[in-house]
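Before any comments, here is the structure.
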Amino acid sequence: MSFCDLLINITISSITGVGASFFIWWLTFKTWTPEITFAEAISRLQTTENPSGLKYRFKFENSGRRNIIDIEAIVRLRIKGLRAGFPDNWEVVYLPTSSLDYKKIAIVRPVSGSHVRPVFEIKAYDCAYFEKPIFPQATRDLAIAHQLTVDHILDLGSETNLQVLLLGYDQFSGSRKFFETKEMSQVDIATGGYQLRGLDIAMNTPEEGEDFN
């Protein structure tokens with residue numbers, strides 16, 4: 001084999017190897033990735049399960065074709081203008097959720113086959129961070145009594161928003177993907193339970209135990 005033939009073979013092998021690697025990367029991180037669809041609103045229901053008297057829940061679905069495993073649910077609250085001397089600063093608070101009792105949601109199967117849509121609770125009443133001196137005394141008192149609600153905290157500061165963040169792995173490829181909702185405020189909270197096999201809220205169904213999972 002001549003030097004020219006050897007050089008051609010090396011070049012072709014290199015291009016083929018790079019092309020195959022890129023193709024596998026593209027499949028893993030662009031095609032074999034989780035897909036999640038969020039509800040448009042947070043559900044608010046009356047309850048006696050906690051001292052606040054209200055339960056706030058959020059729903060989502062696996063809209064892809066494969067299982068999603070080890071889903072981590074994070075609820076991030078951003079409050080602007082809490083500190084008098086720094087009116088443009090944002091305070092970030094991570095709110096407890098019911099999923100934290102298990103650290104992660106182990107597996108969520110595609111909704112097309114399972115018809116299951118996970119629902120988790122946003123537990124503002126269980127967040128000791130609001131007992132800090134930077135918050136108004138009324139907020140601190142509610143936090144100490146475990147009576148703080150999501151409505152209360154979204155009324156803090158000069159500007160406040162809440163986002164749900166999810167991180168999960170595709171069970172087949174192992175690729176991890178990050179999802180986030182829009183920035184939500186009080187107008188994104190609706191009284192009622194989630195409809196059966198859907199992400200919409202059945203409005204004005206405030207009875208305790210009403211559940212449309």
Side-chain angles (χ1 to χ4, degrees), residues 29 33-45 50 52 54-64 68-83 86-106 108 111 116-132 134-136 139 142-143 148-170 175-195 198-201 203 212-213:
F29 294 100
T33 56
E35 294 295 334
I36 284 175
T37 301
F38 292 106
E40 288 294 320
I42 298 169
S43 163
R44 178 204 295 120
L45 289 171
N50 67 74
S52 77
L54 293 171
K55 178 164 61 175
Y56 297 81
R57 299 156 68 244
F58 192 74
K59 194 174 188 181
F60 68 95
E61 68 182 25
N62 175 358
S63 49
I68 305 175
I69 59 174
D70 290 340
I71 295 180
E72 184 176 0
I74 302 168
V75 178
R76 181 178 64 195
L77 178 75
R78 298 172 68 243
I79 308 170
K80 184 178 181 180
L82 268 182
R83 302 176 188 270
F86 303 93
D88 294 326
N89 284 11
W90 291 86
E91 190 78 19
V92 178
V93 183
Y94 293 96
L95 303 178
T97 71
S98 55
S99 64
L100 292 181
D101 294 337
Y102 308 98
K103 302 301 180 185
K104 294 181 180 179
I105 303 171
V108 179
V111 71
V116 172
R117 296 169 175 84
V119 181
F120 61 86
E121 184 182 357
I122 302 172
K123 301 162 69 174
Y125 62 86
D126 203 25
C127 185
Y129 193 87
F130 293 101
E131 299 176 22
K132 290 180 176 291
I134 61 171
F135 294 100
T139 300
L142 288 171
L148 199 62
T149 69
V150 173
D151 283 290
H152 285 138
I153 61 178
L154 286 176
D155 199 34
L156 293 171
S158 60
E159 185 179 343
T160 308
N161 62 66
L162 179 152
Q163 273 188 299
V164 175
L165 316 174
L166 295 180
L167 298 92
Y169 294 89
D170 184 284
S175 63
R176 195 183 195 196
K177 192 170 181 179
F178 169 79
F179 303 87
E180 61 181 346
T181 65
K182 62 183 180 182
E183 294 181 349
M184 294 184 283
S185 62
Q186 285 179 316
V187 299
D188 298 300
I189 300 176
T191 297
Y194 287 107
Q195 294 177 350
L199 298 174
D200 295 328
I201 291 176
M203 302 293 290
F212 291 80
N213 293 343

| task | Evaluate the side-chain proximity of Asp188 to Lys182: yes if any heavy-atom separation is below 4.5 Å, no if none is. | result | yes
| For Glu40, does the CD atom sit with more than 12 other heavy atoms under 6.0 Å from it, leaving out its own atoms? | no
| Approximate separation, where rounding is to 0.5 Å, of Ile153 CD1 and Tyr129 OH | 12.5 Å
| task | Taking all non-hydrogen atoms of both residues into account, name the closest pair between Asp170 and Pro34 and its distance. | result | N-CG, 3.5 Å
| query | Below 4.5 Å, heavy atoms only, C-beta onward: do Ile71 and Phe120 meet side chain to side chain? | reply | no
| query | Any chance CZ of Phe86 has more than 12 other-residue heavy atoms, nucleotides or ligands included, within less than 6.0 Å? | reply | no
| Are any non-hydrogen side-chain atoms of Asn161 and Trp90 less than 4.5 angstrom apart? | yes
| field | Closest non-hydrogen atom pair between Thr97 and Ala73, with its separation | value | OG1-O, 4.3 Å
| Are any of the side-chain heavy atoms of Val111 and Thr37 separated by less than 4.5 Å? | no
| message | Under 3.5 Å, is there a donor on one side chain and an acceptor on the other for Asp151 and Thr149? | response | no
| task | Could you tell me the separation between the CG atom of Leu82 and the CZ atom of Phe135, rounded to the nearest 0.5 Å? | result | 5.5 Å
| Side-chain donor or acceptor of Lys59 paired with backbone N/O of Gly198 under 3.5 Å | yes
| With a 4.5 Å heavy-atom cut-off, do Ile36 and Val108 have their side chains touching? | no
| query | Which atoms form the tightest heavy-atom contact between Glu35 and Ile68, and what is the distance? | reply | O-CD1, 3.8 Å
| field | CD-CG distance between Gln186 and Leu162, expressed to the nearest 0.5 angstrom | value | 11.0 Å
| message | Closer than 3.5 angstrom, by distance alone: can the side chain of Thr181 be matched with the main-chain N or O of Gln163 as a donor-acceptor pair? | response | no
| request: Go through the steps to decide whether Thr139 and His152 satisfy the test side chain to side chain contact (heavy atoms under 4.5 Å, CB included), and finish with yes or no. | output: CA-CA 8 Å; Thr139 300; His152 285 138; over 6 Å; no
| field | Interatomic spacing from CZ in Phe60 to CZ in Arg117 - rounded to 0.5 Å | value | 12.0 Å
| request: Heavy atoms only: give me the nearest Thr160-Ser185 pair and the separation to one decimal. | output: O-CB, 4.4 Å
| request: For the residue pair Ile42 and Val164, establish whether any side-chain heavy-atom pair is separated by less than 4.5 Å. | output: no
| Once the angle between the rings of Phe38 and Phe179 is folded into 0 to 90°, is it parallel (under 30°), tilted (30 to 60°) or perpendicular (over 60°)? | perpendicular
| note | Nearest heavy-atom approach of Pro96 to Asp126 is CG-O, 3.7 Å
| request: Compare all side-chain heavy atoms of Leu77 with those of Phe130 and state whether any distance is below 4.5 angstrom. | output: yes
| request: Measure the spacing between CG of Leu156 and CG of Leu148 and express it to the nearest 0.5 Å. | output: 7.5 Å
| message | Could you report the tightest heavy-atom contact between Met184 and Leu154, atom names first, then the distance? | response | O-CD2, 4.2 Å
| field | Between CG on residue Asp155 and CD1 on residue Ile79, distance to nearest 0.5 Å | value | 10.5 Å
